[in-house]
Protein chains: 4
Amino acid sequence: MHRKGANGNKSRQRLLDAAAEEFALYGFYQTKISSIVARAGMTQPAFYLHFESKDAIFAELVDVFQSQLSELVENSRIKPGKAVHEVKSEVQAALVSWFRFLSGNPALTKVGFFHSRESVHFKARLADMLKEKMALERAAGYLRTDADLGFAAEALIGIIERLTLTRLLPGRDDPVHLAEQTRLLLFDGLLANDG
Amino acid sequence: MHRKGANGNKSRQRLLDAAAEEFALYGFYQTKISSIVARAGMTQPAFYLHFESKDAIFAELVDVFQSQLSELVENSRIKPGKAVHEVKSEVQAALVSWFRFLSGNPALTKVGFFHSRESVHFKARLADMLKEKMALERAAGYLRTDADLGFAAEALIGIIERLTLTRLLPGRDDPVHLAEQTRLLLFDGLLANDG
Amino acid sequence: MHRKGANGNKSRQRLLDAAAEEFALYGFYQTKISSIVARAGMTQPAFYLHFESKDAIFAELVDVFQSQLSELVENSRIKPGKAVHEVKSEVQAALVSWFRFLSGNPALTKVGFFHSRESVHFKARLADMLKEKMALERAAGYLRTDADLGFAAEALIGIIERLTLTRLLPGRDDPVHLAEQTRLLLFDGLLANDG
Amino acid sequence: MHRKGANGNKSRQRLLDAAAEEFALYGFYQTKISSIVARAGMTQPAFYLHFESKDAIFAELVDVFQSQLSELVENSRIKPGKAVHEVKSEVQAALVSWFRFLSGNPALTKVGFFHSRESVHFKARLADMLKEKMALERAAGYLRTDADLGFAAEALIGIIERLTLTRLLPGRDDPVHLAEQTRLLLFDGLLANDG
DNA sequence: CATGAATGAGCCTTCATTCAT
DNA sequence: GATGAATGAAGGCTCATTCAT
């Protein structure tokens, strides 16, 4: 008994994985279809059995990354009516989950977060989502009123993307440490308490 | 060996400017020599009179950007023995000067800060420089001791690059506002004082 | 060696029909096996169960067309010892039957008469057959002696192919009208009687 | 002194000639850019220096053919107020000039008259032009009133294209003979005068 | 008898770079 | 110092055809 398309779907997934690795390493323009299929152990026409074009498979990888991360961020809800230290730990938990996702999918992250043309728009959407969460927290009195939340949201994105690239993906720091430091900086700043 | 006359240098500069615009708009791989010379009003062989290759002119642009910004950052010294609010304003002044440089050279910034492959290493060097400055400030007692300064320096780079891309270069925010908000976040964090 | 059952022959015919339509619409080179089998509601390997190759099925279609039309033309005999008006009506009857065949098999006609490489040779053979008929008619005194019958036969082929393409297949004229006009031109010419 | 583009235009013309030969021999789909440039003694990229694509050079050849032949046909005016035998000789002169053009440009003729997709539309336009000429001649009383001039014009096109292919281009008949026979058939038909 | 999947071979096109004038 | 013209090298994509089940 032969499940319809079982082999085909396996090949398709092999191609996706191989493409993620290649794109992550070399970027879109320097990645050749021939390298992707070589890594996947297939021939070039097989590629076009599963994907329309080089652009198409890249777009699919980007899409997978973006939808998964979007969902993760969207679901990171801060419940209302908590004490400050609870808010902090909830935010940190969210950050941990995000960093975990990013470090758990390194190739996909490189593609969707750094090599993609539309990563710009995607990060802008993420920033909007974060800004709204911050607005709620400020309305609840947790956050200072003289901060530009649009700026803060973008800054948080900037912190996440930079640290992901330089510390998380190379394995120099773990998600928990990064989340702690991010939360510390974001909430408390660097100034000594008695400064 | 041939001397380049005044005319030659003007051509060379026209090519550099044109290349900066094209690379800024389309990135390295999607920029064609033919587009650069077209924008500069010249012919293709003329290009090779002034530059070795596409890589070479790109590298030169990157180099110009990096050395100018490096110098700017390097020269942003915090004098010792100041009050906290003086430190804050000195830091802010430094940030203003950096953002001013970036917004004053938009094409070069896009090339050297975002499109360049080695922007990664460059930002790492910047981060190191910032980290050392922070170490001095912490040694002087201004900064809290439980913060990972390596992290903080990278975070600052991340904030600067992200806000440059989304707010500064599109003209949505000016250098002063960005410097203020950056300093606020970096030093004080977002938490309400009575939080 | 394997026997083809009833089902196999039905598939074979479906493929032939589908191929005729596709070849008629797009010509040999722009017709893909995948389109043929798609139109026939089958898969690609099924195609090769019934035909050796793309060339083979095309050749078979051409062959069907050519043998049917050849036979029709061959059987259009002019009986000897008739009056001129009878000859005219016999010739017209033959022309009607040919145009009827062509309009009754539009896809096959397009393939075998217009898209086929060897339609050239086929038409040459047709022209030879017509020339011989004309020679008989001339010998019987019906036709003028200063006409190049080889030319006339080719001209008749040219008239038939052109009018088939532009008037018959698009449905703009019916076989009877075309036969009448063909006969009129061929026998009498366009000149006014009092010219 | 170096005339601008002299060499380039020579190359361009070499490519056009080579392409005409190849297309004439093998048709559009079986002609490879590599064969064209090989025949022209050049390399593949040189082709794209002068033409946008394979389609473009083919279209240009077709265009050259069509505009030249169109002009020739358009300029073949029948002057009014002549005797019948003068009309005949004028028509024959026109036919001779057309056949001469076709036999003088065999490769171009094959491309523009037989291999081109839009030869269909082109011939339709030619037929329209011929029909109008015939209408004038009929109005002047030269042609019989019971003939379908649309049919006659198409038939003339059919005769010309067929005889061009089978007699003129292979060198089996010369333009004058073909013109005579065409005129004879068209005006007088095949019937013996005493029939 | 039929199918999902795979492939060998080939062609068009692009672009950085160089040559001859 | 400048130009029109040319090219080497390579990459994406297509399609007739076949295998393994």
Side-chain angles (χ1 to χ4, degrees), chain A residues 1-12 29-37 41-56, chain B residues 2-8 10-12 29-37 42-57, chain C residues 2-5 7-8 11 29-37 42-57, chain D residues 1-12 29-37 41-55:
Chain A
M1 187 140 17
H2 173 73
R3 278 229 322 288
K4 187 169 175 173
N7 226 336
N9 281 334
K10 227 185 281 175
S11 293
R12 193 185 146 86
Y29 294 105
Q30 280 199 303
T31 292
K32 296 171 285 182
I33 299 287
S34 60
S35 313
I36 295 175
V37 297
M42 309 171 66
T43 60
Q44 293 223 28
F47 176 90
Y48 293 93
L49 216 56
H50 300 289
F51 300 96
E52 281 263 309
S53 63
K54 184 180 169 182
D55 289 76
Chain B
H2 58 265
R3 292 217 324 273
K4 307 266 175 50
N7 217 331
K10 228 188 281 175
S11 295
R12 197 183 139 83
Y29 294 105
Q30 280 197 302
T31 292
K32 297 179 287 184
I33 299 288
S34 60
S35 310
I36 294 175
V37 298
M42 305 171 63
T43 62
Q44 300 213 27
F47 177 90
Y48 290 92
L49 239 42
H50 299 290
F51 300 96
E52 277 269 308
S53 64
K54 183 182 175 182
D55 290 79
I57 194 174
Chain C
H2 58 265
R3 289 220 324 274
K4 308 264 174 49
N7 217 330
S11 296
Y29 293 105
Q30 279 197 304
T31 292
K32 297 180 287 183
I33 298 289
S34 60
S35 311
I36 294 174
V37 298
M42 307 171 63
T43 62
Q44 301 213 26
F47 175 91
Y48 290 91
L49 240 42
H50 299 289
F51 300 96
E52 277 271 306
S53 64
K54 184 183 174 182
D55 290 78
I57 193 174
Chain D
M1 188 139 16
H2 175 71
R3 280 229 322 285
K4 188 167 174 176
N7 228 334
N9 281 333
K10 227 184 282 175
S11 293
R12 192 185 146 85
Y29 294 105
Q30 278 199 303
T31 292
K32 297 172 283 183
I33 299 288
S34 62
S35 313
I36 294 175
V37 296
M42 308 171 64
T43 60
Q44 293 224 30
F47 177 90
Y48 292 93
L49 216 56
H50 300 289
F51 301 97
E52 281 263 310
S53 63
K54 185 180 169 182
D55 290 76

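Here is how names work: the chains are called A, B, and so on, in the same order as the sequence lines, proteins then strands, and each is numbered from 1. Excluded from the calculations below are hydrogen atoms, water molecules and symmetry mates; all remaining heavy atoms, backbone and side chain alike, are included.
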Value rounded to 0.5 Å, distance of CZ in A/R12 from CG in A/L49:
11.0 Å

Among all residues two or more places apart in sequence or in another chain, which pass the side-chain contact (heavy atoms from CB on, under 4.5 Å) test with B/E52?
B/A56

Just the rounded figure in Å: distance from C1' of E/dT18 to CZ of B/F51.
18 Å

For D/Y29 versus D/K54, what's the shortest heavy-atom pair and its separation?
O-NZ, 3.8 Å

Shortest non-hydrogen contact from B/H50 toward B/A46:
CD2-O, 3.2 Å

Side chain to side chain donor-acceptor pair (under 3.5 Å) filter on D/Q44, not counting sequence neighbours, yields none

Contacts of D/Y48 that satisfy side-chain contact (heavy atoms from CB on, under 4.5 Å) - sequence neighbours left out:
D/I33

Residue-phosphate contact under 4.0 Å: D/S11 side-chain N/O, F/dA6 OP1/OP2:
yes

What is the separation between atom CG on A/L49 and atom P on F/dT17, rounded to the nearest whole Å?
17 Å

The side-chain contact (heavy atoms from CB on, under 4.5 Å) partners of B/T31 (sequence neighbours excluded) come to B/E22, B/F23, B/Y26, B/I36

Atom-to-atom span, CD of B/Q30 to C1' of E/dT14 - whole angstrom
13 Å

Report, as a single string ordered 5' to 3', how protein heavy atoms within less than 4.0 Å touch nucleotides 9-14 of chain F: B base, S sugar-phosphate only, - not at all.
B-SSBB

Angle between terminal axes - the helix from E/dA2-F/dT21 to E/dT21-F/dA2, 5 pairs each end, rounded to 10°:
30°

Less than 4.0 angstrom between a side-chain N/O of A/H50 and OP1 or OP2 of E/dA6, yes or no?
yes

